2 protein chains.
Amino acid sequence: MTTIYNVAEAAGVSPKTVSRVLNNDVPVGEKTRKKVDAAITALGYVPSTAARSMRSNKSGLIGLVTGAISHFSDASNAPTGLPDLFIVQGIQKVMQASGKTLLIADTGDSATSVSHLIRTFQEHRVEGLIYVANYHKQIDLPIASKSIHTVLANCFDTNHTTSVVPNDQMGQKSLVDKVIKEGHSRVAYLTLDPSMVATHQRLEGYQQALHENGVAYDPELVLCADKLDLIDNEKLIIDAIDHLLSLASPPTAICCGNDKMALKLYGILRVKGIRIPEQISIAGYDNYLAITEGLYPALTTVHLPYQEIGQEAARQLLKLIDGKDQKAPNSAITIVDSPVIWRQSILKI
Amino acid sequence: MTTIYNVAEAAGVSPKTVSRVLNNDVPVGEKTRKKVDAAITALGYVPSTAARSMRSNKSGLIGLVTGAISHFSDASNAPTGLPDLFIVQGIQKVMQASGKTLLIADTGDSATSVSHLIRTFQEHRVEGLIYVANYHKQIDLPIASKSIHTVLANCFDTNHTTSVVPNDQMGQKSLVDKVIKEGHSRVAYLTLDPSMVATHQRLEGYQQALHENGVAYDPELVLCADKLDLIDNEKLIIDAIDHLLSLASPPTAICCGNDKMALKLYGILRVKGIRIPEQISIAGYDNYLAITEGLYPALTTVHLPYQEIGQEAARQLLKLIDGKDQKAPNSAITIVDSPVIWRQSILKI
DNA sequence: TCTCGTTATGACATCGGTGTCATTTTTATT
DNA sequence: AATAAAAATGACACCGATGTCATAACGAGA
């Protein structure tokens, strides 16, 4: 590999002068600069960040840990991994714009390896660290976030680590509010597993929307139709819909915990000969385009702003690195809005 | 940041001895080793890869370029990005196992930036480079792959660069073969955009399956139902299905260019009151679980082995880096098998 | 106890850049 | 033309690890 010394020799100047040319330092004479540039091009010289960062103590690297792999089986193209990708892309976008380089690691299937990955990051002297979760949850990183600038994306912890999460409550509330304003007063809600953070926040949003619109909360309309430990929740959904349809006053609209659940619901209702949205309105959550736009009628849902979360997490980290943010340790959690995406699966009545 | 000198001082030994302990070098006395270990722990010392790699000329880094972002709009959670994630995961898995660290960069929306990313990789002295495409295609990297070990995943070029791609022809052939063996002799095929590599290879597989089973090829049954420059190909699919159903001898099974197309077809057929699979059988391509397993009836499809492609690409790169592979420059392209995933959307007749 | 052969440890240079400070031009001023 | 001020360049040390070689400590046998 050619070094700065080779360039210096070829150009007939000192290494330091080459360094000055590289960094656009003042002052370098025009003729000298040209000679050096020529030598650099001729030799195909590329400076070494290793040497550079050793002197400057700045690696220009950002560590990124994602837990995607551990959440889906090896053989399948499962959709669970998608959020990570979008968040990572958002992060990448911002980091690239700011000249940082991403060091990405996946936890694989063993949770214990996270500390190993972080160790590797430390060896590379990353300037900061972002942990990306595949769904909104609470986590517990195996490091003191004091020792290294850390931002949590799509998750949070109990140590007041800076974190960025979606606004699940507001998202669900906005959706239900809009559904009610379309004339629906019997709005059912098929929730995700109660162990998920989003479930509680969205349920709260659901209730809040009912309350603000003067609609009574009916526990009969709220059912869990998703269990994390189940491979296939189809039976849960069938049971739930059977229950809802058997009610004295059945719902005219059903909100699903996510788009995938809505997709299954479409199939189930179709078998029963129930038309969407004429006979019943459906909404999802996630704005998982492969489903929402592919379905007929297209599915009304709430957009989970993964790219935004990633971008915001990256910005927060850059702020921490710059060190200009030492005054506001109380605003550790940033909440990103989740807009409603209105399509044709909800009927105005 | 604490250095090896701090540790040496704390342990009362020379830096070199600390180095020996770190690398498990012989010979180090038992007492000395303990002292040093204690000092390392006490100071929370983590060695610097920058310094290490400067001396050894080995960075332990692998560069990874993906073009995902440039292929879908910013605001949407489009599914197009999914393949990249799986390939990256496969790569990550293998690289992690071999102790390499991944440097990941996304080309963003400007194709020109690839060379900039590669430049950054060179500055970090990556030991090799993997380019990941979001779908099977031909590309043209802006570097001589001679100057740096390179492997292309899910794509290939005209310079005999080592590459790993899915077996599109065999995948489609196996699927159609199985469909025919279920009793279907009128098998339609709705293809993707003809500009895609996969389209030609799969069409060939389709024809090959017909031929081997003694079924005549009927051009009337093969229609393009997807254009890259179209936002929404629904009308294309509707026209295609209308054409197929108007034939004197309509198809009993329809193979779609991908699962997303099949998803739309489900909706269209449902509106027409045509039952799947009783009245017509459907197959997809990709094994995009969110769709294939969510649909009712579950969609028969061909699995695109993205993880496998990633893993294989990683293995190929490691071989290149090891330099033990200089004898076989002719086997530049590795083809990974795409197995048929049989579900309920094809009826035996 | 002394020598010899291991075994354990340290001194020093080096990897490729850059900060500091000194030195040599060049340009401007009188 | 002499001189000061400014601009351009270079010498050298240093960042943190490790390879090379030298030296010190140790243990065994005479």
Side-chain angles (χ1 to χ4, degrees), chain A residues 1-40 43-61 99 101 119-127, chain B residues 1-40 43-61 99 101 119-127:
Chain A
M1 194 60 67
T2 71
T3 77
I4 203 170
Y5 295 97
N6 303 323
V7 175
E9 195 181 337
V13 298
S14 77
K16 178 65 204 182
T17 298
V18 178
S19 169
R20 276 190 266 256
V21 172
L22 286 173
N23 299 285
N24 230 347
D25 264 5
V26 284
V28 174
E30 197 48 46
K31 286 177 299 183
T32 313
R33 183 181 301 273
K34 272 192 184 137
K35 270 193 303 182
V36 172
D37 278 335
I40 287 175
L43 297 175
Y45 167 73
V46 177
S48 152
T49 44
R52 195 172 270 178
S53 76
M54 214 168 76
R55 196 70 174 74
S56 68
N57 234 1
K58 279 178 191 163
S59 64
L61 294 173
T101 303
R119 157 85 185 199
T120 302
F121 286 163
Q122 293 186 120
E123 291 182 353
H124 282 281
R125 299 290 189 266
V126 295
E127 296 175 14
Chain B
M1 194 59 70
T2 71
T3 77
I4 203 170
Y5 295 97
N6 301 324
V7 175
E9 195 181 338
V13 298
S14 77
K16 177 66 203 180
T17 298
V18 177
S19 170
R20 277 190 266 256
V21 172
L22 285 174
N23 299 285
N24 231 347
D25 266 5
V26 282
V28 174
E30 195 50 43
K31 285 178 301 181
T32 312
R33 183 180 301 273
K34 272 194 186 137
K35 268 193 304 182
V36 172
D37 279 334
I40 287 175
L43 296 175
Y45 166 74
V46 177
S48 152
T49 44
R52 197 172 269 180
S53 79
M54 212 169 80
R55 198 69 177 73
S56 69
N57 235 1
K58 277 177 191 163
S59 64
L61 293 173
T101 304
R119 157 84 185 199
T120 302
F121 285 164
Q122 293 185 121
E123 290 182 353
H124 282 280
R125 298 290 190 266
V126 295
E127 298 174 14

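Numbered from 1 within each chain, the chains take letters A, B, ... in sequence-line order. Please read these numbers as outputs of a predicted model, since none were measured by experiment.
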> Both B:Asn57 and B:Ser14 contact DNA chain C. Taking the nearest nucleotide for each, which residue is further toward the 5' end?
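Final value for this comparison: B:Ser14.
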
> Using atom CE of B:Met54 as one end and atom P of C:dG16 as the other, report the distance to the nearest whole Å.
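The answer, rounded to whole Å, is 7 Å.
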
> A:Arg33 has an atom CZ; how far is it from atom P of D:dA7, in whole Å?
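Between P of D:dA7 and CZ of A:Arg33: 15 Å.
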
> Taking the side chain as C-beta and beyond, is there a heavy-atom pair between B:Thr32 and B:Val21 under 4.5 Å?
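With C-beta onward as the side chain, the pair stays apart.
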
> A:Glu30 has an atom CD; how far is it from atom C1' of D:dA8, in whole Å?
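In whole Å, D:dA8 C1' lies 13 Å from A:Glu30 CD.
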
> Output one line per pair: protein atom, nucleotide atom from nucleotides 19-24 of chain C, and distance, for all N/O pairs under 3.5 Å.
from: C:dG19; atom 1: N7; to: A:Lys16; atom 2: NZ; distance (Å): 2.8

> Kindly write out the residues that satisfy side-chain hydrogen bond (donor to acceptor under 3.5 Å, both in side chains) with A:Ser14, not counting sequence neighbours, or none if the list is empty.
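A:Ser14: side-chain hydrogen bond (donor to acceptor under 3.5 Å, both in side chains) contacts with A:Thr17.
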
> What is the distance from OH of B:Tyr5 to C1' of C:dA13, rounded to the nearest Å?
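Those two atoms, OH and C1', are 10 Å apart.
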
> Starting at atom CD1 of A:Ile40, determine the distance to atom P of C:dG17, rounded to an integer number of angstrom.
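So the two atoms are 10 Å apart, to the nearest Å.
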
> Which whole-number value in Å describes the distance from B:Lys31 NZ to C:dA8 P?
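Interatomic distance, NZ of B:Lys31 to P of C:dA8: 11 Å.
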
> Under 4.5 Å between any side-chain heavy atoms of A:Asn6 and A:Met1, yes or no?
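Side-chain contact under 4.5 Å: no.
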
> Let's see if you can work this out: which of D:dA8, C:dG17, D:dG10 has an atom nearest to the side-chain heavy atoms of A:Thr32?
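Between D:dA8, C:dG17, D:dG10, the one nearest the side chain of A:Thr32 would be D:dA8.
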
> Which heavy atom of A:Thr2 sits nearest a heavy atom of A:Leu43, and at what distance?
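It is CG2-O, 3.7 Å.
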
> Does a side-chain heavy-atom distance below 4.5 Å link A:Val13 with A:Arg20?
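Answer no - side chains too far apart.
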
> CG of B:Leu61 to CZ of B:Phe121: how many Å apart, nearest 0.5 Å?
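Answer rounded to 0.5 Å: 9.5 Å.
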
> End-to-end bend of the helix from C:dT1-D:dA30 to C:dT30-D:dA1 (five-pair axes, 10° rounding)?
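End-to-end axis angle for the helix from C:dT1-D:dA30 to C:dT30-D:dA1: 50°, rounded to 10°.
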
> Heavy atoms under 4.0 Å, any strand shown: does A:Val18 hit a base, just sugar-phosphate, or nothing?
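Nothing, no nucleic acid heavy atom in range.
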
> Would you kindly give the CZ-to-P distance between B:Arg52 and C:dG17, to the nearest whole Å?
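To the nearest whole Å, that distance equals 21 Å.
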
> Quick one: does A:Glu127's side chain have a donor or acceptor within less than 3.5 Å of a partner on A:Ser59's backbone?
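It does hold such a pair.
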
> Whole-Å distance between D:dC15 P and B:Ile4 CD1?
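Result: 14 Å.
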
> Indicate yes or no for a side-chain donor-acceptor contact from B:Arg125 to the backbone of B:Gln122 under 3.5 Å, with no hydrogens or angles considered.
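Yes, B:Arg125 side chain to B:Gln122 backbone: donor-acceptor pair under 3.5 Å.
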
> For residues A:Ile4 and A:Ser19, determine if any side-chain heavy atom of one lies less than 4.5 Å from a side-chain heavy atom of the other.
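The answer is yes, as the side chains (C-beta and beyond) meet within the 4.5 Å cut-off.
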
